[in-house]
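All values reported here derive from a predicted model rather than from experimental measurement. Only this structure's heavy atoms are used, side chains among them; waters, hydrogens and symmetry mates stay out. Letters A, B, ... mirror the listed sequences (proteins, then strands); counts begin at 1.
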Protein chains: 2
Amino acid sequence: MVKRTTDGWHGCPIRYSAAIFGDNWCLLILRDLMFKGAKHYGDFMDAGEGISTNILASRLAKLEDEGVIQKHPDPEHGKRFVYSLTNKGLGLLPAMLEIINWAEVWDDQTEVPSKFAKELRKDRATLTRKIVDDLRHTND
Amino acid sequence: MVKRTTDGWHGCPIRYSAAIFGDNWCLLILRDLMFKGAKHYGDFMDAGEGISTNILASRLAKLEDEGVIQKHPDPEHGKRFVYSLTNKGLGLLPAMLEIINWAEVWDDQTEVPSKFAKELRKDRATLTRKIVDDLRHTND
DNA sequence: CGATTGTACTTGCAAATAACAAGTATAATC
DNA sequence: GATTATACTTGTTATTTGCAAGTACAATCG
């Protein structure tokens, strides 16, 4: 029998995590970074979820403050920034994949491309590594 | 190279999930159910996070509506209800464990009991099964 | 070169939501 | 019969969000 208390968890991991991304918009921003190739401010605005610009700006700033994402000037365009996941942010990929898997199992409205879903069920570790590699390269 | 778009995801799994538990309080309620043995309304109130009673009531109702938790009259006490995770709710345990693991790795304030953290790193599948079994039994 | 467009925001205001405090209903206990 | 326990609801105030507009600066167009 597993001890199922967090009495000793003075710094509770869920409280910490919830404060960072326990928020509708932050989760969608992370999704866009991980799976939609979003890089610029406008990519998040155009993701089709209807986020307003002030909320987007505040969430990006918060995620940057927390060290989950980073922002660099775009060498290709003066006034533009490239947003990307830090290693800490990349560390959230396994959790996101579990969430995707859960929705795929329990929500019949959810449509995950079948190849992705299959890989998710069959070999999660390899899929995770492939996505991380991919993100690291496009970030360079 | 993995296809990293959710263009075809008409029913996006992250959007679905974020709408259900992409919320500070819902995550803490799920934590209390999974790891703190919370069963009654008062248990959530007394979890020490300072949730107010109207918010708790609305979140419990929402999670019940979404089929993540269920509520049954307590046979031991007339006016009391026992809250518990449904199978759908139990399905979120792997995601929660990933989140806990992430916080343990990246937040130095986070304190997970070392035995738990070790099991989490070493044999996640077994740990998950043990917790689910445990929860299922205490729910009966 | 001046005007327009693209990009990443900020500001102001109305509307929605959350926090706080108090009250209610019913069952059990003293 | 009065008090306590439990799970809420209701009302009010404070905070956050959503929406619309505006700003600042770089690049591009004519």
Chi angles and distances behind the side-chain contact (heavy atoms from CB on, under 4.5 Å) call for V68(B), K62(B): CA-CA 9 Å; V68(B) 172; K62(B) 181 184 158 190; over 6 Å; no
Between the side chains of R136(B) and N87(B), does any donor sit under 3.5 Å from an acceptor? yes
For H77(A) and dA26(D), what is the distance between atoms NE2 and P respectively, to the nearest whole Å? 10 Å
Which nucleotide in dA19(C), dG18(D), dA7(D) has an atom nearest any side-chain atom of N54(A): dG18(D)
Checking dG18(D), dC20(C), dC9(C) against the side chain of S52(A) (C-beta onward), the nearest is dG18(D)
On a heavy-atom basis, the closest approach of L33(A) and A38(A) is CD2-O, 3.4 Å
Looking at R80(B), I'd like to know whether one of its side-chain N or O atoms comes within less than 4.0 Å of OP1 or OP2 on dA25(C). no
Between R31(A) and E49(A), does any NZ, NE, NH1 or NH2 come within less than 4.0 Å of an OD or OE carboxylate oxygen? yes
So if I take every side-chain heavy atom of T53(B) and compare against dA21(D), dC20(C), dA22(C), which nucleotide ends up nearest? dA22(C)
Closest-nucleotide ordering on DNA chain D, the 5'-leading residue of K79(A) and D23(A): D23(A)
Between dC9(C) and K71(A), is there an OP1 or OP2 to side-chain N/O distance shorter than 4.0 Å? yes
Under 4.0 Å: is that the gap between some side-chain N or O of W25(A) and OP1 or OP2 of dT16(D)? no
Between I55(A) and S58(B), which has a closest nucleotide on DNA chain D that is more 5'? S58(B)
Between C1' on dA25(C) and CZ on F81(B), what's the gap in Å once rounded to a whole number? 12 Å
